[in-house]
Enquirer: 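Got a structure for you, questions after.
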Amino acid sequence: MKVVIVGGVAGGATAAARIRRLDEQAEIIVFERSGYVSYANCGLPYYIGDVITDPEELTLQTPESFFLRFRVTMKVRHEVTALHPEKKTVSVKNLETGEEFEESYDKLLLSPGAKPTQPRIPGTGIGKLFTLRTVEDTFRIKEYIRRNHPRSAVLSGGGFIGLELAENLRNLGMEVTIVQRPKQLMNPFDPDMASFIHGAMRRHGVRLALGHTVEGFEEKEGGVDVLLKDEAPLHADMVVLAIGVTPDTQLAKDAGLELGIKGSIIVNDRMETSVPDVYAVGDAVQVKHSVTGQEALISLAGPANKQGRIAADNICGGDSRYQGALGSSVIQVFDMTAAATGINEKTAVKAGLKVDKVILSPMSHAGYYPGGKVMTMKVVFEKESGRLLGAQIVGYEGVDKRIDVLATAIHAGMKAADLKELDLAYAPPYSSAKDPVNMAGFMVDNISRGILKQFHTEDVGSLPRDGSVILLDVRTEGEYGRGHVEGFVNIPVDKLRERIGELEKGKTVYVMCQSGLRSYIGARILAGYGYDVYNFSGGYRFYDGVMNDRYLIESATACGMDGNSANPK
């Protein structure tokens with residue numbers, strides 16, 4: 001059996017190694033357009049920022065090491081220019097010599113990946129404008145910085161690459177501005193959770209211009225003007241386009257393969273395309289989201305590796321099936337960590353699901369053990385069934401651990417309330433006896449039993465201030481004095497029983513505290529006295545962070561720039 005693989009990196013290289021492990025006699029040829037067949041995409045920004053200092057650390061395998069270990073022929077700087085499924089060949093061009101030839105196959109695997117999205121606006125070809133996707137892109141940016149010592153950069157786009165690059169350029173001492181049309185960074189997060197990511201970026205000097213549309217680029221005064229719609233341009237020494245990726249599927253289109261979202265390759269759960277003996281994996285393929293069952297594009301290394309393995313199994317006569325992806329992800333944001341899995345609230349609502357959520361602010365480990373830090377968790381679940389749909393966490397230590405537990409729970413089809421039953425490891429330096437994941441389960445369980453009723457940030461503004469309801473803040477007097485929501489009166493939770501007579505019977509009570517815990521205790525006290533009570537989800541800390549972020553974003557939209565941003569030109 002002869003297998004030709006188009007593209008290396010995560011999907012193609014994984015498939016090649018798996019095929020060899022399953023079939024020692026197979027002839028395996030990989031054609032890779034770039035000069036690197038297996039490299040760590042996710043490490044590229046950290047090489048630019050000198051966190052990774054040896055360029056060889058970016059290369060996981062070389063053609064020579066791959067052949068030595070697996071007897072797989074890796075041909076780098078070879079571009080497949082056409083597919084000919086009818087005669088089972090591919091056209092190949094050697095990019096170093098210009099030689100063109102055809103290669104036959106018995107089985108063909110496409111792993112072309114995705115390419116940086118290039119907007120159709122003026123100036124995208126200028127020399128000081130970069131994209132970051134390959135090792136070669138990384139070296140170009142690194143060399144430009146080494147030669148020119150730029151003092152400022154504008155990043156167009158606020159996804160994974162944008163944030164990671166922003167951090168690394170800031171660590172090199174550069175002034176960094178992120179500009180993009182959406183009013184939040186990191187689309188996997190809901191806007192309320194993204195506000196904590198925004199706060200971390202601002203604290204570390206990254207300037208945010210959210211809600212602004214880039215209309216073009218111009219070389220000017222030794223740098224680049226980023227032209228904004230209805231705003232003065234931003235000026236920087238260099239610009240990086242990081243607005244996302246698009247499946248690189250022109251080959252598949254020209255060969256008549258069935259295509260889906262954004263021109264992605266449609267595959268079944270065996271990773272087979274619409275053409276016999278042709279498989280496809282990685283960022284170029286359309287998959288099913290395992291929570292919604294809807295078609296999706298999920299450009300992450302984990303899914304690409306799994307798909308490569310599954311395709312290899314089936315190429316070798318097996319019957320492996322891809323169950324879809326949750327889109328689990330984690331990112332370092334300077335000293336913080338942000339992670340998400342499943343779907344967020346806005347995606348769930350868009351999918352037509354009736355959802356609820358719990359928001360909590362647990363410590364990373366036992367409060368009495370030194371060094372614990374607060375994390376903010378949002379867990380989304382289906383109202384009627386209680387099915388766990390997704391989670392987002394922003395914090396410090398322990399964020400990655402909890403998101404992985406929640407991803408496992410979603411994959412296992414657990415209900416959100418069942419999180420309370422998980423038997424998770426505990427020692428004071430690592431967790432609490434009631435782990436944050438358990439706490440989320442306890443809260444959902446209380447909601448399902450009718451013990452807990454909630455109101456949320458989006459409800460606060462519409463609460464009546466005419467005395468028809470009671471708005472109650474149960475924090476200490478000092479906390480209340482440092483900031484509170486307009487209309488909320490203060491009775492500390494530990495004095496609530498003694499002062500219960502101050503609250504008129506028959507009125508609904510809306511209770512708030514700093515994190516949601518003391519207000520829950522207050523709500524139970526009030527319920528015991530016959531009051532109809534709602535507890536504020538997330539607490540004043542959460543509300544204050546979200547509202548401050550919204551103010552900064554709206555102010556930036558109104559006046560042209562974030563209050564912590566570089567002056568427009």
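Computation of the quantities below employed the complete heavy-atom set of this structure, encompassing side-chain atoms and omitting hydrogens, waters and symmetry-equivalent molecules. Just so it is clear, the structure is predicted and the values come from calculations on it, not from any experiment.
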Enquirer: State, with a plain yes or no, whether a side-chain heavy atom of V394 is found less than 4.5 Å away from one of M186.
Expert: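 A side-chain contact is absent here, since even the closest heavy-atom pair is not under 4.5 Å.
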Enquirer: Going through the distances and angles, do F542 and F196 end up as a ring pair (Phe, Tyr, Trp, His ring centres under 6.0 Å)?
Expert: CA-CA 9 Å; F542 183 81; F196 293 91; 5.6 Å; yes
Enquirer: Does G481 offer a backbone N or O that forms a donor-acceptor pair with the side chain of R475 under 3.5 Å?
Expert: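 A pair under 3.5 Å: no.
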Enquirer: Under the side-chain contact (heavy atoms from CB on, under 4.5 Å) rule, what do D190 and Q184 come out as? Steps first, then yes or no, please.
Expert: CA-CA 9 Å; D190 285 313; Q184 72 163 86; 5.8 Å; no
Enquirer: Ion pair present between D549 and R202, side-chain N to carboxylate O less than 4.0 angstrom?
Expert: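 Judged by the 4.0 Å cut-off on N to carboxylate O distance, D549 and R202 do form a salt bridge.
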Enquirer: Donor-acceptor pair, distance only, cut-off 3.5 Å: does the side chain of E421 make one with the backbone of D418?
Expert: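 No, E421 side chain to D418 backbone: no donor-acceptor pair under 3.5 Å.
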Enquirer: Keeping the roles fixed (side chain from Q286, backbone from I261), state whether a donor-acceptor pair exists under 3.5 Å.
Expert: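 Confirmed, Q286 side chain pairs with I261 backbone.
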Enquirer: To the nearest 0.5 Å, what is the distance between OG1 (T292) and CG (L326)?
Expert: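 Those atoms lie 10.0 Å apart.
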Enquirer: Where do I243 and S156 come nearest, in terms of heavy atoms and distance?
Expert: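 Heavy atoms only, the tightest pair is CG2-O, 3.0 Å.
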Enquirer: How close do S361 and S515 get, counting heavy atoms only, and between which atoms?
Expert: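 Shortest heavy-atom separation between S361 and S515 comes out as CB-CB, 4.2 Å.
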Enquirer: Does K354 pair with E382 as a salt bridge, N-O distance under 4.0 Å?
Expert: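 Looking at E382 together with K354, the answer is no, because their closest N to O distance does not fall below 4.0 Å.
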Enquirer: Quick check: does any side chain N or O of N548 sit under 3.5 Å from a backbone N or O of D544, one acting as donor and the other as acceptor?
Expert: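 Yes, N548 side chain to D544 backbone: donor-acceptor pair under 3.5 Å.
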Enquirer: Would you call R207 and E175 a salt bridge, using N to O less than 4.0 angstrom?
Expert: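 Salt bridge flag = yes for E175 with R207.
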Enquirer: Quick one: does K183's side chain get under 4.5 Å of P191's, heavy atoms only?
Expert: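 Contact flag for K183/P191 side chains = no.
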Enquirer: Output the distance between atom CE (M512) and atom CG (N535), rounded to the nearest 0.5 Å.
Expert: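 The CG atom of N535 is 9.5 Å from CE of M512, to the nearest 0.5 Å.
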Enquirer: Determine, stepwise, if the pair D137 / L44 fulfils side-chain contact (heavy atoms from CB on, under 4.5 Å).
Expert: CA-CA 9 Å; D137 294 336; L44 301 182; over 6 Å; no
Enquirer: Indicate the atoms forming the closest heavy-atom contact of Y396 with V374, along with that distance.
Expert: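 Where Y396 meets V374 most closely, the heavy atoms are CD1-O, 3.8 Å.
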Enquirer: If you measure only the distance, is there a donor-acceptor pair under 3.5 Å linking the side chains of D459 and Y510?
Expert: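 The answer is no; no qualifying pair exists.
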Enquirer: E458 side chain to S462 main-chain N or O, any donor-acceptor pair under 3.5 Å?
Expert: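 No.
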Enquirer: So how far is it from R518 CZ to L496 CG, rounded to the nearest 0.5 Å?
Expert: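 Reported value, rounded in 0.5 Å steps: 12.5 Å.
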Enquirer: Any donor and acceptor pair, going by atom type alone, linking the side chain of Y480 with main-chain N or O of P492 inside 3.5 Å?
Expert: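 No; judged by distance alone, with no hydrogens or angles, the pair does not exist.
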Enquirer: Taking side-chain contact (heavy atoms from CB on, under 4.5 Å) as the test, write out the residues that go with A166, two or more places apart.
Expert: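 In terms of side-chain contact (heavy atoms from CB on, under 4.5 Å), with neighbours along the sequence ignored, A166 is linked to L155, V176, I178, M201, V206.
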Enquirer: Could you measure the distance from the CE atom of M174 to the CG atom of N168? Nearest 0.5 Å is fine.
Expert: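 With rounding to 0.5 Å, CE (M174) is 11.5 Å from CG (N168).
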Enquirer: To the nearest 0.5 angstrom, please state how far the CG atom of L300 sits from the CG atom of N305.
Expert: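 If we round to the nearest 0.5 Å, L300:CG and N305:CG are 11.0 Å apart.
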Enquirer: Once you round to the nearest 0.5 Å, how far does SG of C513 lie from CG of L472?
Expert: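 Going from SG on C513 over to CG on L472, the span is 10.5 Å.
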Enquirer: Between the side chains of D50 and K142, is the shortest nitrogen-to-carboxylate-oxygen separation below 4.0 Å, so that they form an ion pair?
Expert: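 Salt bridge flag = yes for D50 with K142.
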Enquirer: Where is the tightest heavy-atom contact between A409 and L388, given as atom of each residue plus distance?
Expert: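 Residues A409 and L388, closest heavy atoms: CB-CD2, 3.8 Å.
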Enquirer: Are the side chain of Y543 and the backbone N or O of F536 linked by a donor-acceptor pair below 3.5 Å?
Expert: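 Not confirmed, Y543 side chain does not pair with F536 backbone.
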Enquirer: Can you name the closest pair of heavy atoms from V437 and R402 and give their distance?
Expert: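 Closest heavy-atom pair between V437 and R402: CG2-CG, 3.6 Å.
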Enquirer: Quick check: closest heavy atoms across M377 and P362, and the distance to 0.1 Å?
Expert: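 Reported closest heavy-atom pair: SD-CG, 3.8 Å.
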Enquirer: Look only at the side chain of E164 and the backbone of P45, and say whether a donor-acceptor pair between them is shorter than 3.5 Å.
Expert: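 No; zero donor-acceptor contacts below 3.5 Å.
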Enquirer: Name every donor-acceptor pair, under 3.5 Å, that has one atom in a side chain of residues 334-345 and the other anywhere in the protein, sequence neighbours excluded.
Expert:
from, atom 1, to, atom 2, distance (Å)
T341, OG1, S328, OG, 2.7
N344, OD1, K346, N, 3.4
N344, OD1, T347, N, 2.8
N344, OD1, T347, OG1, 2.7
N344, ND2, N187, O, 3.3
N344, ND2, P188, O, 2.9
E345, OE1, K357, NZ, 3.1
E345, OE1, K378, NZ, 2.8
E345, OE2, K357, NZ, 3.0

Enquirer: Between the side chains of D473 and H484, is a donor N or O closer than 3.5 angstrom to an acceptor N or O?
Expert: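 Absent: no donor and acceptor within the cut-off.
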Enquirer: If you apply the rule side-chain contact (heavy atoms from CB on, under 4.5 Å), what do you find for L208 with L185, and how did you get there?
Expert: CA-CA 9 Å; L208 303 182; L185 304 175; 4.1 Å; yes
